[in-house]
Amino acid sequence: MISRVHRFHGHGSLRFVYQHGQTVRGPLTTVKFVVNGRRQTYRLAVVVSKKISKSAVVRNRIRRRLYESVRQHEPELTQPYDIVITVFHEQLATLPPDELNRLVRAQLRQAGILAAKPAQSSTSHGKI
RNA sequence: UCAGAUUAUUGACUGAUCGCGUGCUUUAUCGUACGAGGAAAGUCCGGGCAGCGUAGGGAAAGAUAGUUGCUAACGGCAACCGGGGGCAACCCUAGGGAAAGUGCCACAGAAACAGUACCGCCCUGGUGUAAAAGCCGGAGUAAGGGUGAAAUGAGUGGGGUAAGAGCCCACAGUUCCAUGCGGUGACGCAUGGAGGUGGUAAACCCUAUCUGCUGCAAGGAGGUGGAUCCAACACAGGUUUCCCGCCUGGGUCCACCACAAAAUCCGCUUGAUUCCGAUGGCAACGUCGGAGCUAGAUAGAUGAUCAGUUAGAACAGAACCCGGCUUACGGAUAAUCUGACAUU
RNA sequence: CGCGGGGUAGAGCAGUGGCAGCUCGUGUGGCUCAUAACCACAAGGUCGCAGGUUCGAGUCCUGCCCCCGCUA
């Protein structure tokens, strides 16, 4: 699970991301994100619909795995992004850990949240 | 050995690294303790708790339906009674009333509860004939055939008769009533008497008992004073379907003190509590003593990676709290019991 | 948390306890030079699942499963 500092609180801030954020579609997930100028740190939410799986255990498992996967990239998340990850498929509950990490990293890079390579992080930082 | 019946338990563990929630401790981030279930599920019943100026009476509506007990309560549980199934262990059972009334019983069949005669059986009038058969009528008959889930609802044997029939008798069975005995009771047993009036109430209905409504997004975290408008035996509103009855003034604005955002705090976990022992009871369960504190989140806390053990893979995630019910559940273990076969 | 509606043929829907039906679609044949339309015939159903009441259940009762919707 992720620390309470990096969670969303209330529905208003989530609605803002849905209305104003950019979208990056992946094979199993969609990432919506926006830069929040009023905050110092990033925030993250994972959305798992009841249509994905009827079981609360499976839904919780998907949510925890995604939180953990993003958390491992925390040192690279320097900008105050608001990120919402929406899940499409039940596969995420049983996917091997390496593959899950690879998917998340690829999608975050595509969104520009992570730098293309860790070495170039300083240059891309300047662009923003 | 094989095949079964019932009940109960368990619901992977260890180590390392990185993380999450709450409490405590310090202090400005270290440390430490604890951290999902037997069903947390479905939301099918019952209760606690909270609010609603009334919750009282009646009707309507809904629920339940053998007896006795247990319980805070229940539509739950236990024991027992009646009925059904199984060789047995054991299992299932909405199990009050059909003589209060109304409805329904398709097709088939003569007829489906109104009173009825299709084929038969028997007697008889006419006709007919050598005598019969046959044909046209009358009267009796529910024993036989056929239809149907069910046929007038009491089976078998005997008597009886023109032929038959509980029409009569014996035995068996059944319903009701009375008496006696046993049981708290449902009911059981025995004796005597009477009756032989389908089925369906998970059809309407009748009888008995129970139910005020809303639900933690309940509800609370503001108190005092003043002004003005409308109303005042009326009218209006409330009582969450109706009647009686009962209850109540309402709206707007201002000032002062307090509070300082609500994306917060309380409710929020010590409770019909858990474990152990003793004791009453066939049991459900109760009583007494000792010890313990065991999630409390709020976009929602138990995860990720690696290594090891192993045959190790189930169903599944607290959201105010309890008691039940129902449903899902891999593997393993234990106890008691039944039947069959074999051996001694 | 509290409620409501539904599940019947490939699709959309009917169905007072007594033979499961309608429209479209599908197949075969006809009509046409050919296609459509039209005409005739036919196939196609564990009535969501399980148990019960009844002589008999799609229908009545009980318990489950799934889908859709509503209030705060």
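All figures in this text were calculated on a predicted structure; none of them were measured in a lab. In the text below, chain A, chain B and the rest are named by the order of the sequence lines, each starting its count at 1.
Checking Val58(A) against Asn101(A), the closest nucleotide of RNA chain B that is more toward the 5' end is the one next to Asn101(A). Checking Val47(A) against Arg61(A), the closest nucleotide of RNA chain B that is more toward the 5' end is the one next to Val47(A).
Applying the side chain to side chain contact (heavy atoms under 4.5 Å, CB included) test to Leu103(A) and every residue at least two apart in sequence or in another chain returns Pro27(A), Leu28(A), Leu95(A).
Across all strands shown, rG75(B) forms no Watson-Crick or G-U wobble pair with both distances under 3.5 Å. Across all strands shown, rA227(B) is found opposite rU252(B) as a Watson-Crick or G-U wobble partner, with both distances under 3.5 Å. The partner of rG51(B) is rC213(B), judged by Watson-Crick or G-U wobble contacts that both fall below 3.5 Å. In this structure, rG4(B) forms a base pair with rC337(B), meeting either the Watson-Crick or the G-U wobble geometry with both donor-acceptor distances under 3.5 Å.
Nucleotides rA41(B) and rC216(B) have their P atoms positioned 16 Å apart, rounded to a whole Å. Distance noted for atom C1' between rU239(B) and rG53(B): 9 Å (whole Å). Nucleotides rC45(B) and rG317(B) place their C1' atoms 25 Å apart, quoted to the nearest Å. On the P atoms, rA202(B) is 10 Å away from rU54(C), given to the nearest whole Å. Separating the C1' atom of rC44(B) from that of rA39(B) is a span of 16 Å, rounded to the nearest Å. Taking atom P on both rG223(B) and rC68(C), the two are 48 Å apart, rounded to the nearest angstrom. Annotation: rC33(C) and rC22(C) have their C1' atoms spaced 38 Å apart (nearest Å).
The phosphate of rG303(B) has neither OP1 nor OP2 within less than 4.0 Å of any side-chain N or O from Arg65(A). A close approach under 4.0 Å does occur between a side-chain nitrogen or oxygen of Tyr67(A) and OP1 or OP2 of rG300(B).
The base of rG303(B) does not come close enough to the side chain of Arg63(A) for any donor and acceptor atom to sit less than 3.5 Å apart.
For Tyr67(A) against Leu44(A), the heavy-atom pair with the smallest separation is CD2-CD2, 3.6 Å.
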